[in-house]
Amino acid sequence: MKKEYDFIVIGGGSAGYAAARTARDFTDSVAVVDGAEELSGLCILRGCMPSKTLIYAAEVLHLANHGSRFGLSIPHAQADMATMQERKKRIIREFADYRSEQLSTGRFDLYRSFSRFTSPDTVALADGRTIRSRKFLIATGSVANVPGIPGLKAAKAWTSDEVLDLASLPGSVIVLGGGVVACELAQFLRRIGSKVVQVQRSPRILKEASSEASEIVAQAFNDEGIELFADTRLSQVGREDGVCQVLFEHHGKLVSKEAEQLLNALGRIPNTAQLGLENAGIEVRRSGHIKTDRWCRSTNPDIYAAGDCVGPHEIVHVAILQGELAARQALGETPAGIEYDHLLKVIFTDPQVASVGIDEATLEERGIASASASFPFDDHGKSILMEAKRGYVKVVAERKSGTVVGAECVGKDAGELIHALSVAVSLKASVFDLIKTQWYHPTLSEIWTYPLEDIAEELQASQ
């Protein structure tokens with residue numbers, strides 16, 4: 001006999017839990033289906049939290065190894081991988097246990113099983129049961145991409161999953177990729193003591209960031225000893241007698257590099273292959289992401305999708321917003337869509353890269369005149385005394401009103417600093433509003449006052 005629900009969530013990660021929790025405001029008839037070995041989702045178990053725990057530890061080590069810059073004598077500092085892993089596991093366990101408890105409290109029926117659509121309103125569970133629902137949300141996340149590079153699959157390359165569980169220090173690693181995950185992990189590996197070669201297909205790393213940001217991070221990588229190759233074409237990957245080898249074309253020449261280990265950080269793909277989407281009338285894009293509208297509805301209007309399996313921005317807070325939006329829309333409300341013009345992004349390299357809102361090019365495409373200004377960290381008091389002189393802040397405003405529509409920060413703690421301007425973008429504050437605010441001296445945050453004042457003076461002079 002089929003059990004029926006008002007709302008079934010497939011996937012218990014950040015998007016799925018947010019949707020299930022929101023759905024309970026409308027109905028008691030909610031179920032969550034998740035067949036993963038451990039509940040909690042990518043962010044908690046194998047993504048944001050474990051990676052940032054280890055990246056921060058590597059930053060502390062890096063500062064210790066450069067103590068002389070601050071007048072300190074620190075004779076020897078090194079990574080204790082076993083102890084770092086113990087700390088990471090302890091921290092992550094607290095988050096994972098809490099999420100698992102939230103899913104298991106009885107507020108939702110929880111099915112610990114994988115599932116597959118057999119019709120538009122029915123899923124078959126791997127344990128043999130069948131359940132139906134008026135509405136569904138798919139939030140199955142993503143998996144590591146293994147592109148068809150000759151030899152890559154056979155080389156048994158690490159993914160981010162394995163790197164985050166390292167119990168010993170690899171002597172050398174070749175990192176394939178130049179996106180956010182590749183860059184964060186390449187710098188982590190270098191800072192804990194590995195020799196690192198990074199091979200990127202695009203002309204620059206962090207192509208999702210501005211070219212200025214990319215250049216600054218690339219210079220930092222070079223200065224720290226990462227051997228970085230961009231604008232390459234991978235030809236062959238192999239592993240023989242415990243040694244990994246990568247062949248690639250770079251500026252017209254064939255280059256060969258060897259290392260103890262190989263990290264495949266060539267992106268992730270939606271985890272939807274086993275869901276039977278075709279049985280439910282759900283279409284996907286060329287990228288494999290589920291097609292959705294502004295309310296996260298798929299091509300089947302009774303089935304929604306959120307998080308990494310949808311995009312276009314595979315970020316946890318966006319996944320949560322999508323999950324909540326989908327549940328509200330599915331169960332009776334008609335909420336406004338997500339405001340992607342206010343999108344907030346952070347990359348946890350050192351220097352960090354953070355941005356919010358839209359840039360000048362986007363404004364130009366929309367026919368809106370803009371004004372912008374920037375200011376470097378190497379001319380700012382607090383960043384100078386912190387030996388954090390790489391990077392800059394930039395503010396973009398509508399010329400007519402002075403409303404702040406975008407900002408970028410490349411530098412020390414950029415992921416924290418950007419939130420001051422994120423508030424401004426979301427609340428549609430103007431540069432004139434922000435210069436009325438008190439900015440404490442000496443802080444990193446007060447660096448925003450310089451571009452804000454420059455734009456305000458420019459706009460006032462043009463009136």
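Of all heavy-atom pairs spanning Phe432 and Ser401, the tightest one is CE1-O, 4.2 Å. Closest of all the heavy-atom pairs between His380 and Tyr450 is ND1-CE1, 3.8 Å. For His289 against Gly311, the heavy-atom pair with the smallest separation is CD2-N, 3.8 Å. What you find for Ala456 and Ile435 is that their closest heavy atoms are CB-CD1, 3.9 Å. Cys409 and Ala414 make their closest contact through O-CB, 3.4 Å (heavy atoms, listed as atom of the first residue, atom of the second, distance). Nearest heavy-atom pair, Ala155 versus Val237, reported as atom, atom and distance to 0.1 Å: CB-CG1, 3.7 Å.
Side-chain N or O atoms of His250 include none that pairs as donor or acceptor with a backbone N or O of Val255 at under 3.5 Å. At distances below 3.5 Å, at least one donor-acceptor pair connects side-chain atoms of Trp448 with backbone N or O atoms of Leu417. Remark: side-chain polar atoms of Asp433 are not paired, donor with acceptor, to backbone N or O of Ala429 under 3.5 angstrom. Between the side chain of Thr349 and the main chain of Pro351, a donor-acceptor pair closer than 3.5 Å is present. Formation of a donor-acceptor pair under 3.5 Å by the Gln187 side chain with backbone atoms of Asp350 is found in this model. For the pair Glu162 (side chain) and Thr159 (backbone), a donor-acceptor distance under 3.5 Å is present. One N or O on the side chain of Asn271 and one on the backbone of Thr140 form a donor-acceptor pair closer than 3.5 Å. With hydrogens and angles disregarded, no donor-acceptor distance shorter than 3.5 Å links the side chain of Ser194 to the backbone of Gly171. A donor-acceptor contact shorter than 3.5 Å is absent between the side chain of Trp439 and the backbone of Thr449. At distances below 3.5 Å, at least one donor-acceptor pair connects side-chain atoms of Ser172 with backbone N or O atoms of Glu260.
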> Can you check side chain to side chain donor-acceptor pair (under 3.5 Å) on Tyr98 and Glu94, steps first, answer last?
Replying inline: CA-CA 6 Å; Tyr98 180 64; Glu94 294 175 2; over 6 Å; no

> Under the side chain to side chain contact (heavy atoms under 4.5 Å, CB included) criterion, do Leu343 and Ile315 qualify, and how do the steps go?
Replying inline: CA-CA 10 Å; Leu343 184 68; Ile315 307 171; 4.3 Å; yes

>> Go through it in stages, so that I can follow the logic: the residues are Ser100 and Asp97, the test is side chain to side chain donor-acceptor pair (under 3.5 Å), and I'd like the CA-CA distance, side-chain angles, deciding distance and then a yes or no.
In response: CA-CA 5 Å; Ser100 181; Asp97 285 349; over 6 Å; no

>> Does Glu360 form a side chain to side chain donor-acceptor pair (under 3.5 Å) with Ser372? I'd like the steps, not just the answer.
In response: CA-CA 8 Å; Glu360 296 142 299; Ser372 66; 2.5 Å; yes

>> Would Val32 and Tyr17 count as a side chain to side chain contact (heavy atoms under 4.5 Å, CB included) here? Give the steps.
In response: CA-CA 8 Å; Val32 176; Tyr17 173 68; over 6 Å; no

>> For a side chain to side chain contact (heavy atoms under 4.5 Å, CB included) check, start with the C-alpha distance between Val396 and Val404, then their side-chain angles and the critical distance, and finish with the verdict.
In response: CA-CA 6 Å; Val396 179; Val404 176; over 6 Å; no

> Going through the checks in order, is the salt bridge (charged side-chain N to carboxylate O under 4.0 Å, His left out) test met by Glu324 and Arg21?
Replying inline: CA-CA 8 Å; Glu324 293 172 343; Arg21 179 188 59 201; 2.9 Å; yes

>> Working note: Arg239 + Gln261, criterion side chain to side chain contact (heavy atoms under 4.5 Å, CB included); need CA distance, chi angles, decisive distance, verdict.
In response: CA-CA 9 Å; Arg239 181 190 293 268; Gln261 298 292 343; 3.6 Å; yes

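With respect to Asp413 and Lys382, no salt bridge is recorded, no charged nitrogen being found less than 4.0 Å from a carboxylate O. With respect to the salt-bridge test (charged N to carboxylate O, under 4.0 angstrom), the residues Asp341 and Arg366 qualify. Using a 4.0 Å cut-off between charged nitrogen and carboxylate oxygen, Asp165 and Lys88 count as a salt-bridge pair. A salt bridge is defined here as a Lys NZ or Arg NE, NH1 or NH2 lying under 4.0 Å from an Asp or Glu carboxylate O, and Arg191 with Glu224 meets this definition. Of the charged side-chain nitrogens involved, none lies within less than 4.0 Å of a carboxylate oxygen, so that Lys195 and Glu227 do not count as a salt-bridged pair. Under the 4.0 Å criterion applied to side-chain N and carboxylate O atoms, Arg399 and Glu458 are assigned as salt-bridge partners. Between Lys412 and Glu59 there is a salt bridge, with a side-chain nitrogen of the basic residue lying less than 4.0 Å from a carboxylate oxygen of the acidic one.
Counted within 6.0 Å of CD on Gln85, heavy atoms from surrounding residues, nucleotides or ligands total more than 12; the atom is thus considered enclosed. Dense packing is recorded around NZ of Lys52, with more than 12 heavy atoms of other residues, nucleotides or ligands lying under 6.0 Å away. Annotation for Phe70: atom CZ counts as buried by contact number, over 12 foreign heavy atoms lying within 6.0 Å. Atom OH of Tyr340 has more than 12 heavy atoms from other residues, nucleotides or ligands within 6.0 Å.
Residues Asp25 and Thr22 have side chains that never bring a donor and an acceptor to within less than 3.5 angstrom of each other. Counting only N and O atoms by type, the side chains of Gln245 and Ser256 include a donor and acceptor under 3.5 Å apart.
One distance of note links CD of Glu184 with SG of Cys48; it measures 9.0 Å at 0.5 Å rounding. The distance from atom CE of Met49 to atom CG of Leu54, rounded to the nearest 0.5 Å, is 11.0 Å. Taking CZ from Arg268 and OG from Ser142, the interatomic distance works out to 4.0 Å, rounded to the nearest 0.5 Å. Rounding to the nearest 0.5 Å gives a distance of 9.5 Å between CD of Glu408 and NZ of Lys345. Between the SG atom of Cys183 and the CD atom of Gln200 there is a distance of 7.0 Å, given to the nearest 0.5 Å. One finds the CD1 atom of Ile338 at 9.0 Å from the NE2 atom of His317 (value rounded to the nearest 0.5 Å).
For the pair Asn65 and Leu61, the minimum side-chain heavy-atom distance is below 4.5 Å. For the pair Ile149/Leu266, a side-chain contact is recorded, criterion being any heavy-atom separation below 4.5 Å from C-beta on. With contacts defined as side-chain heavy-atom distances shorter than 4.5 Å, the pair Glu416/Val346 does not qualify. Counting heavy atoms from C-beta on, the side chains of Val217 and Val353 come closer than 4.5 Å. For the pair Leu189/Leu166, a side-chain contact is recorded, criterion being any heavy-atom separation below 4.5 Å from C-beta on. A 4.5 Å side-chain heavy-atom check between Tyr392 and Ile216 finds at least one atom pair inside the cut-off. Counting heavy atoms from C-beta on, the side chains of Thr362 and Asp359 come closer than 4.5 Å.
In this structure, Phe248 has its ring center under 6.0 Å from that of Phe229.
Between His66 and His62, the angle of the ring planes lies from 30° to 60°, which puts this pair in the tilted group.
Of the candidates Val175, Leu176, Ile174, Val175 is the only one forming a side chain to side chain contact (heavy atoms under 4.5 Å, CB included) with Leu263. Partner Ile91 forms a side chain to side chain contact (heavy atoms under 4.5 Å, CB included) with one of Lys89, Arg93, Arg87 and no other, that one being Arg87.
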